[in-house]
Each structure stands twice: as C-alpha cells, then as structure tokens.
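Here's the structure, in structure tokens; my notes come after.
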Amino acid sequence: MAEPGKEEEEARPSAAAAAEQEARATKYVLITGGVVSGLGKGVTASSVGVVLKACGLRVTCIKIDPYLNTDAGTMSPFEHGEVFVLDDGGEVDLDLGNYERFLDVTLTRDNNITTGKIYQSVIEKERKGDYLGKTVQVVPHVTDEIKHWIQSVSSVPVDGQTRPADVCVIELGGTVGDIESMPFIEALRQLSFSLGKDNFCLIHVSLVPVLGVVGEQKTKPTQHSVRELRALGLTPDLLACRSAQPLIGSVKEKLSQFCHVPVENILNIHDVPNLWHVPLILRNQKVHEAIIKQLNLARSAGPPDLRDWTQMAESYDDLKKSVKIALVGKYTNLTDSYLSVVKALLHACVACSLKPSIQWIAASDLEDATATSAPDAHAKAWETLKGSSCILIPGGFGDRGISGMILAAKYARENKVPYLGICLGMQISVIEMSRNVLGIKDADSEEFNSDTPARVVMYMPEVSKTHMGNTMRLGCRRTFFRRTDCLTSKLYGSPSHVDERHRHRYEVNPAFVAMLEKAGLHFVGCDESGKRMEVVELQDHPFYIGVQFHPEFKSRPRRPSPPFTGIPFTKITKSENSVSIKLPNIVR
C-alpha cells in the first residue's frame with residue numbers, strides 16, 4: 001500500500017518539469033512604433049522573426065491594425081497599400097505578406113487583429129448575453145477580448161508543426177499616442193504584467209532624424225516617444241532606431257541615459273541596399289542574445305545560422321545585369337499597392353541572376369485621350385513601354401485606365417513581347433482579343449459596362465452584388481491544367497493541378513471560350529467544374545500568359561512563383577517563319 005500522500009506527490013510535476021513547461025509556453029515580442037508612421041515596423045518584426053528562427057526557435061506573427069474596418073478588403077490601395085490574401089481567404093494588411101515571405105509560414109485571417117473584429121466580437125457576445133447583464137466597457141471587456149484573441153492565435157502553429165510556436169512577434173500598427181490604439185496599448189500592458197518579464201519583450205521602433213542644416217543626429221523625438229510609451233504603462237526593453245546612416249556612439253549613450261535602455265539593447269536599423277540585409281544587421285548587433293536573455297530561452301535557442309540568408313542578400317547586391325519590366329497599373333502612384341508583385345519579380349529575378357528594373361506606367365497615360373490632355377505624359381508612357389523587355393498587368397478594380405491596359409496588351413500580342421496578366425490582366429487579354437481579333441467591338445467586362453451585349457467577362461453568379469466586404473472568390477483554390485504540355489504547366493513542373501490564391505468577383509464568360517480558342521487564345525487551366533477559366537496562353541507567341549489567380553501571394557525568396565520566373569527570362573530567337581522559346585533554368 002502506497003504511503004499517504006505519495007500518489008499525490010508522484011502526480012505533482014517536479015520543479016524542473018514545471019520550469020520546462022513554462023519555458024515551452026509561447027513567449028511574446030511586441031513591436032511598437034513612435035515619432036512617425038512608415039518607419040518599417042513590419043520589416044523590423046519580420047527580421048526579428050528571421051533571426052529568432054535562425055536560432056532554432058519556431059516563430060509566429062500577429063499584426064494589430066487599430067482601424068475600425070473588419071479587414072483590409074474594402075480599403076483603397078492608395079490609402080493602405082495592397083490587400084494581401086491568405087490561404088483561408090483572409091484579406092489582410094500587407095505586413096502579413098512580409099511575415100509570410102521572410103519566415104516562410106502560412107498565416108490565417110486571425111493573425112490580423114483589427115478594432116472592427118474586436119468590437120464585432122464583443123457586441124456579438126453582448127447580444128447573446130455572455131456578459132450576464134454587466135455594463136460592457138472598454139476595460140475590462142474589450143481589453144480582455146484583445147488578450148484572449150492574441151493568446152488564442154499565438155497557440156495556432158503556422159509552420160506545419162503540431163505544437164504552438166516558441167515566440168509570437170506582435171506588431172502594433174500606427175504610432176504610440178494614436179487614439180485608435182489606446183485599447184490595444186492597455187490590453188498589451190495588462191498582458192505583459194500577467195505574463196511577467198520572462199515571457200514578454202518590447203521593442204520600440206523610433207526615428208533618429210538628421211536636420212539638414214545642423215547635420216546632427218537628433219535623439220529628442222525618440223526621447224519623447226519613449227516617455228509617452230512609458231506613461232501608458234509599457235517600458236521598452238530594446239530600442240530599434242531608424243536612421244539614414246549608422247548611429248554614432250555618443251547618440252546611443254544619450255538614448256540609453258534618457259530612455260532607460262541599456263546601450264547594448266539600442267539597435268540601429270540604418271538604410272541598407274536591400275531589405276534582406278535588415279536581419280543581418282540585427283544579428284550583428286546581437287538582437288537575438290538580448291531577446292533570448294529577456295525571455296529565458298537559452299535552453300531552446302542556439303547561435304543564429306543565417307548563411308543562406310547572407311548569401312541571398314549579398315548575391316542581390318552583386319547582380320550587374322538588369323531587365324526592364326513594364327508594370328502597367330492603376331495605382332502606380334503608390335508602389336506599395338503592388339508590393340507582392342514587386343517582391344515576386346525580385347524573387348524570380350534573383351533566382352535567374354538578374355536585377356529587376358521595374359518601369360512604372362500609369363495605364364491612363366497610354367490612352368488616346370491623354371495624347372490630347374497630357375501629350376508629354378502620353379509620349380513618355382509609350383516610350384517606356386516600348387523600351388521594356390516585358391509587360392505585366394496586375395490586378396485591380398474599376399474602369400479607370402482600362403483602355404490603356406488594353407492597348408498595352410495589344411502591343412505585347414502584336415510585337416511578341418513577353419506578357420503576364422494577373423487577375424484583371426488576364427481579363428484584359430480576353431477583352432483585347434475579342435475586340436481586335438474576333439472583331440467584337442463592344443466586347444467588355446460587366447464590371448466596366450453592364451449594358452454591353454458582348455460581356456466576355458461576367459459577374460460570377462454566386463457573388464453578392466449588394467455587399468462588398470469578404471464577398472469575392474477568395475483564398476487558395478485548385479486550378480486544373482487542361483493540357484499538361486502548355487507553357488504554364490511546364491513552369492510549374494508539369495503537374496496536373498496547382499493551388500493558388502484568388503481574389504476576384506468577375507470571370508471569363510464561358511459562352512465566348514470556343515470563339516477565343518479558335519482565334520488562338522487557349523484556355524489551358526480551369527477550376528474543378530471545368531467551366532471557370534483560370535489560365536490563358538496565346539498561340540504562336542513566345543510568352544503570353546494570363547492567370548485568374550494571384551501567384552504573387554505565394555512567392556518566397558527561395559521559391560519564386562513559377563509564372564514570374566518565365567516573363568522576364570524567356571529567351572526568344574526569331575527566324576522568318578518561326579519563333580522558338582528557351583525557358584530559363586529556374587523552371588521546376
């Protein structure tokens with residue numbers, strides 16, 4: 001018979017086991033920003049994640065956006081940059097694209113927290129009676145919901161494993177002091193207090209400007225930013241100072257004295273040739289040692305192995321040969337509107353030892369009307385287009401600039417210029433062929449002209465016509481190749497199907513498919529029903545591809561998106577009677 005209390009003693013975990021269990025619990029690294037927005041908190045968060053992952057730790061990410069929108073789906077690219085689409089159909093902030101590309105993880109819509117989502121959840125609970133008649137307030141109900149959301153999402157693996165990640169990097173959007181972010185600041189203050197210093201590390205990203213006249217690096221903006229952060233109950237463990245040039249030693253000492261942060265914990269993220277250098281400069285400043293010490297992760301982490309990352313960053317710097325790629329779009333005044341497209345081109349170019357030279361062309365500048373209203377802009381746009389090695393038309397919504405896109409697609413078709421159309425770009429190629437080859441002069445998309453009798457692009461029947469948010473065909477969908485010997489299939493390695501992310505509410509009208517194929521525009525990919533067209537290729541053209549999906553969203557630095565690997569690198573040799581194609585070595 002067991003001694004009294006012995007069974008309870010055996011069942012009770014030992015101190016060592018309890019410590020190990022505590023060490024295994026997900027730790028948090030919070031990234032906040034001060035002074036001004038647009039400092040690069042997203043790249044900083046991604047880079048910190050890269051360094052921690054290189055130490056052998058498993059990392060997940062959360063982006064907090066304090067705006068009242070439920071998600072980014074209905075926001076203008078001019079105001080907020082691109083809308084990044086996830087596998088589960090989530091329309092999220094572009095920083096989640098940075099996380100996925102840097103860390104090679106697959107996030108969900110819940111990894112993007114917005115004020116709209118939090119308040120929607122709280123109000124739904126109130127309506128169901130979950131608060132038992134209490135007065136629902138920002139504190140504690142909204143802050144509790146924020147904490148619950150963070151802890152729930154951080155426990156979901158994003159790297160294909162079964163256990164939760166070791167570290168969750170949280171980026172708080174906006175600038176400290178914004179009224180919209182106050183509930184999140186308070187929730188994070190409570191979370192840091194309840195978790196304890198061993199489980200919570202705060203990195204504050206701030207600006208150290210240089211005044212043109214004085215030429216001195218100024219610390220006062222950062223001092224004020226840290227003071228405001230501490231007044232709200234959060235004290236930074238590390239400072240990440242953005243500057244044009246490396247900080248001088250005296251500046252670090254001054255920041256340490258006035259911001260109560262050790263000198264060794266003051267990081268400097270100065271301007272670099274390309275963003276892949278940011279994890280390297282953080283590694284060189286031993287950011288991993290500071291975080292690992294703060295979070296008590298020494299047993300789980302080793303020295304960072306960034307050899308492959310270093311080779312990738314340095315190989316880009318060494319590239320000499322460039323390729324001009326004309327990007328004809330609607331939102332070219334804000335290049336972040338096409339951030340994933342730009343990154344996908346970068347990944348593909350580096351893989352083929354080329355440096356991308358993106359020629360930004362506003363589609364409206366190519367239109368005939370612009371020749372009268374702004375002749376200089378019109379002439380420059382056409383000169384740029386004709387001087388480029390290939391043409392890419394990305395996604396977009398609305399009728400502005402559509403005529404210019406059609407002219408660009410026509411130029412690519414007639415002059416055998418490599419062409420890649422993404423989403424809207426594929427639909428543009430269908431409209432152009434219908435008008436200029438089939439002779440259907442009123443061919444158009446229902447999006448631009450709902451009264452046209454020749455709707456070669458039509459509204460998808462299952463999509464809502466009354467609600468805009470989260471009503472498109474979204475997320476990862478399967479595309480089947482109707483012909484495995486087609487060029488697109490070869491770029492992917494000749495599989496029977498591919499899984500890519502979608503974001504559209506219009507599709508090619510099946511009634512026109514047969515006519516277009518007779519004219520030489522072959523629909524080589526479709527969905528599982530066989531009726532929704534996904535991929536087009538032009539017959540007797542070196543490289544003319546349109547895809548309904550968005551391949552840029554799954555492109556990674558070491559795994560470039562296959563459609564992008566073809567467009568700038570197709571080798572064309574012409575004779576009088578034939579055109580032969582030599583695909584790049586990157587083809588998988």
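In this text, all values refer to a predicted model and were calculated from it rather than measured experimentally.
At least one side-chain heavy atom of Pro221 sits less than 4.5 Å from a side-chain heavy atom of Pro209.
The side chain to side chain donor-acceptor pair (under 3.5 Å) search around Ser388 returns none, not counting sequence neighbours. With sequence neighbours left out, Thr114 forms a side chain to side chain donor-acceptor pair (under 3.5 Å) with no residue at all. Under the side chain to side chain donor-acceptor pair (under 3.5 Å) criterion, Tyr331 pairs with no residue, sequence neighbours left out. For Tyr67, the ring-ring contact (aromatic ring centres under 6.0 Å, His included) partners are His80, not counting sequence neighbours. Every residue meeting the ring-ring contact (aromatic ring centres under 6.0 Å, His included) condition with Phe553, not counting sequence neighbours, appears here in chain and number order: Phe84, His550. Under the rule for a side chain to side chain donor-acceptor pair (under 3.5 Å), the partners of Lys63 that lie at least two apart in sequence or sit in another chain are Asp65, Asp93, Asp95. For Asp87, the salt bridge (charged side-chain N to carboxylate O under 4.0 Å, His left out) partners two or more places apart in sequence, or in a different chain, are Arg501.
With rounding to the nearest 0.5 angstrom, the NZ atom of Lys355 is 10.0 Å from the OG atom of Ser315. One distance of note links CH2 of Trp276 with CD of Gln311; it measures 10.0 Å at 0.5 Å rounding. Atom CG of Asn268 is separated from atom CZ of Arg242 by 8.5 Å, given to the nearest 0.5 angstrom. Taking NE2 of His504 as the reference point, atom CZ of Arg473 lies at 4.0 Å (rounded to 0.5 Å). Here CG of Leu172 is found 12.0 Å from CD1 of Ile62. Values are rounded to the nearest 0.5 Å. Atom-to-atom distance recorded for Ile325:CD1 and Leu327:CG is 8.5 Å, nearest 0.5 angstrom.
The pair Arg558-Asp308 meets the salt-bridge criterion, with a side-chain N (NZ, NE, NH1 or NH2) lying under 4.0 Å from an Asp/Glu carboxylate O. Between Arg109 and Glu91, no side-chain nitrogen of the basic residue sits less than 4.0 Å from a carboxylate oxygen of the acidic one, so the salt-bridge criterion is not met. Looking at Glu216 and Lys218, a side-chain N of the basic residue comes within less than 4.0 Å of a carboxylate O on the acidic one, giving a salt bridge. We find that Glu264 and Lys286 are not joined by a salt bridge, their nearest charged nitrogen and carboxylate oxygen being 4.0 Å or further apart. One finds no salt bridge joining Asp198 and Lys27 here, because no Lys/Arg side-chain nitrogen approaches an Asp/Glu carboxylate oxygen to under 4.0 Å. Classification of Asp318 and Lys320 as a salt-bridged pair fails, no side-chain N sitting under 4.0 Å from a carboxylate O.
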Donor-acceptor pairs under 3.5 Å, side chain of residues 277-284 to any protein atom, not counting sequence neighbours: which ones?
residue	atom	partner	partner atom	Å
His277	NE2	Asp317	OD2	2.5
Asn284	ND2	Leu280	O	3.2

Quiz: residues 136-144 side-chain donor-acceptor pairs under 3.5 angstrom, not counting sequence neighbours:
residue	atom	partner	partner atom	Å
His141	ND1	Gln137	N	3.0
Thr143	OG1	Pro140	O	3.0
Asp144	OD1	Lys147	NZ	3.4

Pair up each side-chain donor or acceptor in residues 287-295 with any protein partner under 3.5 Å, not counting sequence neighbours, and list the distances.
residue	atom	partner	partner atom	Å
Gln294	NE2	Lys197	O	3.0
Gln294	NE2	Phe200	O	3.4

Show which side-chain atoms of residues 252-263 pair as donor or acceptor with protein atoms under 3.5 Å away, not counting sequence neighbours.
residue	atom	partner	partner atom	Å
Lys252	NZ	Ile266	O	3.4
Ser256	OG	Val261	O	2.6

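There is a side-chain donor-acceptor pair under 3.5 Å between His347 and Ser555. For Glu145 and Tyr119, the side-chain atoms include no donor-acceptor pair closer than 3.5 Å. Of the N and O atoms on the side chains of Gln120 and Glu124, not one donor lies less than 3.5 Å from an acceptor on the other residue. With no hydrogens or angles considered, a side-chain donor-acceptor pair links Ser340 and Arg101 at under 3.5 Å. Residues Thr108 and Asn111 bring a donor and an acceptor atom of their side chains to less than 3.5 Å of each other.
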Worksheet entry | CA sep, side-chain torsions, deciding dist, call: Val105, Cys61, side-chain contact (heavy atoms from CB on, under 4.5 Å) | CA-CA 9 Å; Val105 294; Cys61 293; over 6 Å; no

Worksheet item: Should Phe184 and Trp149 be marked as a ring-ring contact (aromatic ring centres under 6.0 Å, His included) after you check the CA-CA gap, both sets of side-chain angles, and the distance that decides it?
Response: CA-CA 11 Å; Phe184 292 101; Trp149 196 302; 10.0 Å; no

Practice prompt. Could you check Ile150 against Ile170 for side-chain contact (heavy atoms from CB on, under 4.5 Å), going step by step and ending with a plain yes or no?
Written response: CA-CA 9 Å; Ile150 289 172; Ile170 305 170; 3.8 Å; yes

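The minimum heavy-atom distance linking Leu247 with Cys241 is given by the pair CD1-CB, 3.7 Å. Here the closest non-hydrogen pair linking Ile146 and Pro183 is CD1-O, 3.7 Å.
Here the rule is side chain to side chain contact (heavy atoms under 4.5 Å, CB included) with Leu202, and of Ile31, Leu229, Val29 only Leu229 fits it.
Residue Phe193 places its CZ atom among 12 or fewer non-hydrogen atoms of other residues, nucleotides or ligands, all under 6.0 Å distant.
The salt bridge (Lys or Arg N to Asp or Glu O under 4.0 Å) contacts involving residues 44-61 comprise Arg58-Asp159, where partners must be two or more places apart or lie in separate chains.
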